Undergrad: 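Below you will find the structure I want to go over with you.
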There are 2 protein chains.
Amino acid sequence: MDKTNNIFQTLSDPNRLRILKMLQARSLCVCEITSVLEIGTSTVSNHLSILKKDGFIIDEKEGKWVNYKINPRPADDRVSSILSTLDFWIADETSIINDKKKLANVNRITLCMK
Amino acid sequence: MDKTNNIFQTLSDPNRLRILKMLQARSLCVCEITSVLEIGTSTVSNHLSILKKDGFIIDEKEGKWVNYKINPRPADDRVSSILSTLDFWIADETSIINDKKKLANVNRITLCMK
DNA sequence: TTCTTATTTCGTTTTTTATCGAAATGTTGA
DNA sequence: TCAACATTTCGATAAAAAACGAAATAAGAA
């Protein structure tokens, strides 16, 4: 039961849902996600660690950056079920559509190297 | 998105999940649920109002009692989806099994009229 | 090595949520 | 009517989670 509660709790935060939807569009580094969500870097990092702990996402180092991506093979069936039905859960709504627009103009080079 | 968040948040509380599982076994009044969960009546009443607001459950007056039951026809697809897959989400675990044992010995007459 | 940059960790504050107990509401039955 | 009881509402407290900023870590570039 604990695990189920963790999963639902992880999904109960709007910023974490936005992150999942963004990562389904493409892999992103922390500073890209931060620039879309417009909250502090440390807060984003914390959200990512929560999503990672439950197995929703994985991370990969790429030099100075850490790329986060959707976990292609979650160990837990509940996690894969959510990931494959996220569109059902989150109908395209203003915030999500907006995030995608922002994402199109986000580039880690110009974004982080200033 | 708000609605999705509400649903996940509602499901993120262990006592509310226990209530849903109990109600899938049978309809119950507040005092019966209270005696199983072993938390205050007003707290249980609050949990029930949250589950009701999202459309997971409905209530029916029966004299002095209020019977709560699983909503047989939820308006929201996400809610019906959860209700029909609760066993997938919550594999039979200690607390749930225990609740069912307790339920077997719960009777609103002897319970509340003392 | 030293500097810069991306990210994480840590300590703290703010916000939200769960819980409780008392008071209010509504219903039954004497 | 009044007394007893189930439930809800309200106000307060306690516990949990989100957010922030500063310091620590890690990796590339000078």
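Predicted, not measured: the structure shown is a model, and the values here were computed from it. Chain A is the first sequence line, chain B the second, and so forth, proteins listed ahead of strands; every chain is numbered from 1. Computed from heavy atoms alone, side chains included, the values below leave out hydrogens, waters and symmetry copies.
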Undergrad: Let me know the distance between CH2 of A:Trp65 and C1' of D:dA27, rounded to the nearest Å.
TA: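 Atom CH2 in A:Trp65 sits about 11 Å away from atom C1' in D:dA27.
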Undergrad: Just grab all the salt bridge (charged side-chain N to carboxylate O under 4.0 Å, His left out) pairs involving residues 33-50 of chain B, residues at least two apart or on different chains.
TA: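 Salt bridge (charged side-chain N to carboxylate O under 4.0 Å, His left out) check on residues 33-50 of chain B returns B:Glu38-B:Lys102.
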Undergrad: Please check the phosphate of C:dG26 (OP1 and OP2 only) for any side-chain N or O of B:Lys64 closer than 4.0 Å.
TA: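 It does not, given that no N or O in the side chain of B:Lys64 lies less than 4.0 Å from OP1 or OP2 of C:dG26.
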Undergrad: Can you list, by residue number, the residues of residues 39-58 of chain A that have a non-hydrogen atom closer than 4.0 angstrom to DNA chain C?
TA: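 DNA chain C contact set from residues 39-58 of chain A: A:Thr41, A:Ser42, A:Ser45.
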Undergrad: Kindly say if A:Arg108 contacts the phosphate of C:dT5, meaning a side-chain N or O under 4.0 Å from OP1 or OP2.
TA: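 So the side-chain polar atoms of A:Arg108 never come under 4.0 Å of the phosphate oxygens OP1 or OP2 of C:dT5.
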Undergrad: Within the structure, does a side-chain N or O atom of A:Tyr68 lie under 4.0 Å from either OP1 or OP2 of C:dT8?
TA: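 Yes, because at least one side-chain N or O of A:Tyr68 sits under 4.0 Å from OP1 or OP2 of C:dT8.
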Undergrad: Tell me whether A:Asp59 is salt-bridged to A:Lys52, with the criterion being a basic N under 4.0 Å from an acidic carboxylate O.
TA: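 Salt bridge present between A:Asp59 and A:Lys52.
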Undergrad: Could you tell me how far apart A:Ile33 (CD1) and C:dT8 (C1') are, to the nearest whole angstrom?
TA: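 Answer to the nearest Å: 14 Å.
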Undergrad: Rounded to the nearest Å, what distance is computed from the CG atom of residue A:Asp13 to the C1' atom of nucleotide D:dA16?
TA: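 From A:Asp13 CG to D:dA16 C1': 13 Å.
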Undergrad: Measure from CG on A:Asn15 to C1' on C:dT16 and round the result to the nearest Å.
TA: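 In whole Å, C:dT16 C1' lies 15 Å from A:Asn15 CG.
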Undergrad: Of A:Asn71, A:Ile50, A:Leu20, A:Asp76, which is the lone residue that meets side chain to side chain contact (heavy atoms under 4.5 Å, CB included) with A:Phe56?
TA: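 Between A:Phe56 and the candidates, side chain to side chain contact (heavy atoms under 4.5 Å, CB included) is satisfied uniquely by A:Leu20.
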Undergrad: Among the candidates C:dT7, D:dT8, C:dT17, find the nucleotide nearest to the side-chain atoms of B:Val66.
TA: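 Of all the options, the side chain of B:Val66 is nearest to D:dT8.
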Undergrad: If hydrophobic clusters are built by linking Ile, Leu, Val, Met, Phe, Trp and Tyr wherever their side-chain heavy atoms come under 4.5 Å apart, do A:Ile58 and A:Ile70 end up in the same one?
TA: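 No: no chain of side-chain contacts under 4.5 Å links A:Ile58 to A:Ile70.
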Undergrad: Whole angstrom is fine here: how far is it from CD1 in A:Ile19 over to P in D:dA18?
TA: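 The distance from CD1 of A:Ile19 to P of D:dA18 comes to 11 Å, rounded to the nearest Å.
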Undergrad: Between A:Arg108 and A:Asn67, does any side-chain donor sit less than 3.5 Å from a side-chain acceptor?
TA: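 Indeed, the side chains of A:Arg108 and A:Asn67 share at least one donor-acceptor pair under 3.5 Å.
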Undergrad: Nearest-Å distance, CZ (A:Arg16) to P (C:dT16)?
TA: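 To the nearest whole Å, that distance equals 15 Å.
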Undergrad: Report yes or no: does B:Thr10 contribute a side-chain atom to a donor-acceptor pair with the main-chain N or O of B:Asn6 at less than 3.5 Å?
TA: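 The answer is yes, because a donor-acceptor pair under 3.5 Å joins these two groups.
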Undergrad: Atom CD of A:Gln9 and atom P of C:dT17: how far apart are they, to the nearest Å?
TA: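 It works out to 11 Å between those atoms.
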Undergrad: Is B:Phe88 reachable from B:Leu17 through a run of I, L, V, M, F, W or Y residues, each pair having side-chain heavy atoms under 4.5 Å apart?
TA: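 Yes; tracing contacts between hydrophobic side chains, which count when under 4.5 Å, links both residues.
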Undergrad: Round to the nearest Å and state the distance from B:Phe8 atom CZ to C:dT17 atom P.
TA: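 Going from B:Phe8 (CZ) to C:dT17 (P), I get 16 Å.
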